[in-house]
Number of protein chains: 2
Amino acid sequence: MAHGVAELISDRIDTMPAGERRAAQALVANYPVIGLKTVAEFSQAAGVSSPTILRFVARLGFQNYPEFQAALQDELAAQLQSPASRAGQPQPSRQGRTPATVEATLENIRETFRHVSAKQIADIVALLAQPKADVFLVGGRFTDPVARYMAAHLTIIRPRVQHLVGQESNWRDRLIDMGKRDVVMIFDIRRYQESLLRFAEKAHQRGVHIILFTDQWLSPIARFARHVVAGRTAVPSPWDSSAALFVVAEMLIGELTRRLESESARRIREMENLR
Amino acid sequence: MAHGVAELISDRIDTMPAGERRAAQALVANYPVIGLKTVAEFSQAAGVSSPTILRFVARLGFQNYPEFQAALQDELAAQLQSPASRAGQPQPSRQGRTPATVEATLENIRETFRHVSAKQIADIVALLAQPKADVFLVGGRFTDPVARYMAAHLTIIRPRVQHLVGQESNWRDRLIDMGKRDVVMIFDIRRYQESLLRFAEKAHQRGVHIILFTDQWLSPIARFARHVVAGRTAVPSPWDSSAALFVVAEMLIGELTRRLESESARRIREMENLR
DNA sequence: CAAGCGCTGTATCTTACGATACGTTTTTTA
DNA sequence: TAAAAAACGTATCGTAAGATACAGCGCTTG
């Protein structure tokens, strides 16, 4: 039983009363910096009183607060001196602690962006920046939340954003509103959904710009798409990972916000006023 | 002229008298841990007297010793969050190709998992693995899609999963179904939503296990939560990033699936038959 | 070599930080 | 449901830690 403070906490957090557990969680969330501050600051960050902090460190086995801080400092000193934490080398220690799926996800994100060119990003952002274009978003069974996430942000920085929800028939009815200068963003990873393919084909026939977010094996919708972003989805798990597409979505939101800076800033200000 | 303390020192060390220079060297030698200790300890380690230490920090431009320590702590907090900036040098390799927000997101994910213990994951998975427990998910303005994503998967591998949608009043009506052995998963990052807090408080009063997914500054809901997962959300963008929480969600889904392997496999097979 | 200036340490003071006693509220158990 | 136990926060206290005044010493310079 090593005496790393963090390990002490995860060992004993179950036996702690509510207030002390809050202290523990606050410390873990910003480990270890909060513990180096004064009791008053620590207690405020954790939302409890000073005595609760002191009872917390006492429960961890320390005689007093300075002793607790000394332990954190020693730990920190050891950590900063070990060359392992330098460079970008993968930490040997905590491999196995982090599930393999997370490691794979990180690599998926990196690999995804290796295959997305700056020009492609610029082109997509340019499409989305057109103020007169209507923008529609739709996704599949597991990817629709990503579409929803993107829609939630887009709605704020520009007008005419619609997330298509519910049944396929609902989407189809919206086709009537789509024209040549409009944009549809479709999220579709395997197993690819027939309904999305049918919808994409009809949208394509109306001349809409289709931006497809799919996996590396490319949904058949790629056939109709103006832009295709292929995210890596494979992880050692029964499920595919949509994390790479999620990060792509966030990145596009950020880039578009920058591009529309002046206009969206004004728009956001107006929104605040309406509250 | 950034005010990194280390840079300040190397800038001004030449203009310092002998005693203060010894202080500077001692600090640089075990940077920054010595500076976090008391003036007395610092002075002893440097082999000078206390007032010399105080004159030293005054020369660096700090009004008093606590202010100096606060600067070190802030620096440390920033450093621990993005080891990329370790040596102080900017990233050499892939600048320009990958947007900075993506790099930050990758680091956020890594850092998030650095603060999540294996035990905590196991505990949460154990809660979610109870077949008789009802599981509810709810999120805020931008995080609700993450809750939805998780719900979409959970629904498949276990029964009694419900995503709470729509108005706050809708959620409240579901409180009636929640009991001591049930679980509520809440996603809440700043700006924290009052409505979620109110809901969490009432759920807590009913004895429900609350699992909170928040940012590193901890939503006030942490007060009521049995488990708190603090994801890093800061990116160089006007928006916060929920990607780390998204990856946490995927990881939990994967772990739970493994845990429920036999049962969920049977369940999935039955589902296939129903198509 | 002597005089002046500046740096440093000792001693003292003051503040604010950690510790604790106690009353109130909450939770648990009979 | 009531009684007992535990936990939490408020208010207060003692002390340790940072700040300062001042004297001694060394170093530089004329």
Side-chain angles (χ1 to χ4, degrees), chain A residues 5 9 12-27 32-73, chain B residues 5 12-27 32-73 179-181 200-210 218 220 222-226:
Chain A
V5 179
I9 292 173
R12 307 193 185 177
I13 194 170
D14 294 319
T15 71
M16 292 183 188
E20 296 177 32
R21 187 155 47 216
R22 265 182 274 158
Q25 285 159 346
L27 176 57
V33 180
I34 291 188
L36 299 174
K37 299 184 185 289
T38 66
V39 174
E41 287 172 298
F42 190 169
S43 68
Q44 194 172 3
V48 298
S49 69
S50 307
T52 298
I53 298 297
L54 295 172
R55 282 187 284 261
F56 163 68
V57 305
R59 191 181 298 265
L60 291 179
F62 298 100
Q63 294 299 319
N64 49 34
Y65 194 73
E67 184 179 305
F68 162 74
Q69 289 189 316
L72 287 178
Q73 287 167 0
Chain B
V5 178
R12 308 193 185 176
I13 194 170
D14 294 322
T15 71
M16 292 182 188
E20 298 177 30
R21 191 174 307 155
R22 294 178 71 185
Q25 286 160 346
L27 177 57
V33 181
I34 292 188
L36 299 174
K37 298 183 184 290
T38 66
V39 174
E41 287 172 296
F42 190 171
S43 69
Q44 195 173 2
V48 296
S49 68
S50 307
T52 299
I53 297 298
L54 295 173
R55 281 188 284 264
F56 163 67
V57 304
R59 190 181 300 268
L60 292 179
F62 297 100
Q63 293 301 318
N64 49 34
Y65 195 71
E67 184 179 304
F68 162 73
Q69 288 189 317
L72 288 178
Q73 286 167 0
K180 286 184 192 300
R181 64 178 168 196
E201 181 169 10
K202 284 170 191 133
H204 175 69
Q205 284 166 1
R206 297 191 61 88
V208 186
H209 286 271
I210 294 179
L218 300 190
R223 179 183 188 80
F224 307 116
R226 184 77 182 72

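Residue numbers begin at 1 in each chain, while the letters A, B, ... track the order of the sequences. Side chains are part of it too, since the values below use all heavy atoms of this structure and drop only hydrogens, waters and symmetry mates.
- Regarding B:Phe224, its CZ atom lies at a distance of 14 Å from the P atom of D:dC8, rounded to whole Å.
- The CG atom of A:Leu54 sits 14 Å away from the P atom of D:dT10 (whole-angstrom rounding).
- Comparing B:His204 and B:Arg59 by the nucleotide of DNA chain C that holds the closest heavy atom to each, the one mapping nearer the 5' end is B:Arg59.
- Within the 4.0 angstrom heavy-atom criterion, base atoms lie near B:Ser49.
- Nucleotide D:dT20 holds its P atom 10 Å from the CD atom of B:Gln63, rounded to whole Å.
- Here the P atom of nucleotide C:dC17 and the CZ atom of A:Phe68 are 17 Å apart, to the nearest Å.
- When atom types are taken as modelled, the side chain of A:Gln73 and the backbone of B:Ile34 share no donor-acceptor pair closer than 3.5 angstrom.
- Considering all non-hydrogen atoms of both residues, A:Thr52 and A:Glu20 come closest at CG2-N, 3.9 Å.
- Atoms CZ (B:Arg223) and C1' (D:dC8) sit 10 Å apart, rounded to a whole Å.
- You'll find that the side chain of A:Glu20 is closest to D:dC8, out of D:dG18, D:dC8, C:dG9.
- In plain terms, the two heavy atoms of A:Phe68 and A:Leu27 that are nearest each other are CZ-CD2, 3.9 Å.
- Here the side chain of B:Thr38 is nearest to one of C:dA19, D:dA17, C:dT8, namely D:dA17.
- Atom CZ of A:Arg22 is separated from atom C1' of C:dT26 by 13 Å (rounded to the nearest Å).
- Taking CD of B:Glu41 as the reference point, atom CD of B:Gln44 lies at 8.0 Å (rounded to 0.5 Å).
- Between A:Ser50 and C:dA19, a side-chain N or O to OP1/OP2 separation shorter than 4.0 Å is absent.
- A straight line from CZ of B:Phe56 to C1' of C:dT8 spans 16 Å, rounded to a whole angstrom.
- The two atoms that bring A:Met16 and A:Arg59 nearest to each other are CG-CD, 3.6 Å, heavy atoms only.
- The nucleotide whose nearest atom lies closest to any side-chain atom of A:Asn64 is, among C:dG9, C:dA19, D:dG18, C:dA19.
- Distances were taken from every side-chain heavy atom of B:Thr52 (C-beta onward) to each of D:dG9, C:dG9, D:dC8; the shortest belongs to C:dG9.
- Nucleotide C:dG6 holds its P atom 18 Å from the CE atom of B:Met16, rounded to whole Å.
- Comparing B:Arg21 and A:Arg55 by the nucleotide of DNA chain C whose heavy atom lies nearest to each, the residue mapping closer to the 5' end is B:Arg21.
- Using a 4.0 Å heavy-atom criterion, one finds that A:Pro17 contacts the sugar-phosphate atoms exclusively.
- Nearest nucleotide to the A:Pro66 side chain, out of D:dG18, D:dA21, C:dA19: C:dA19.
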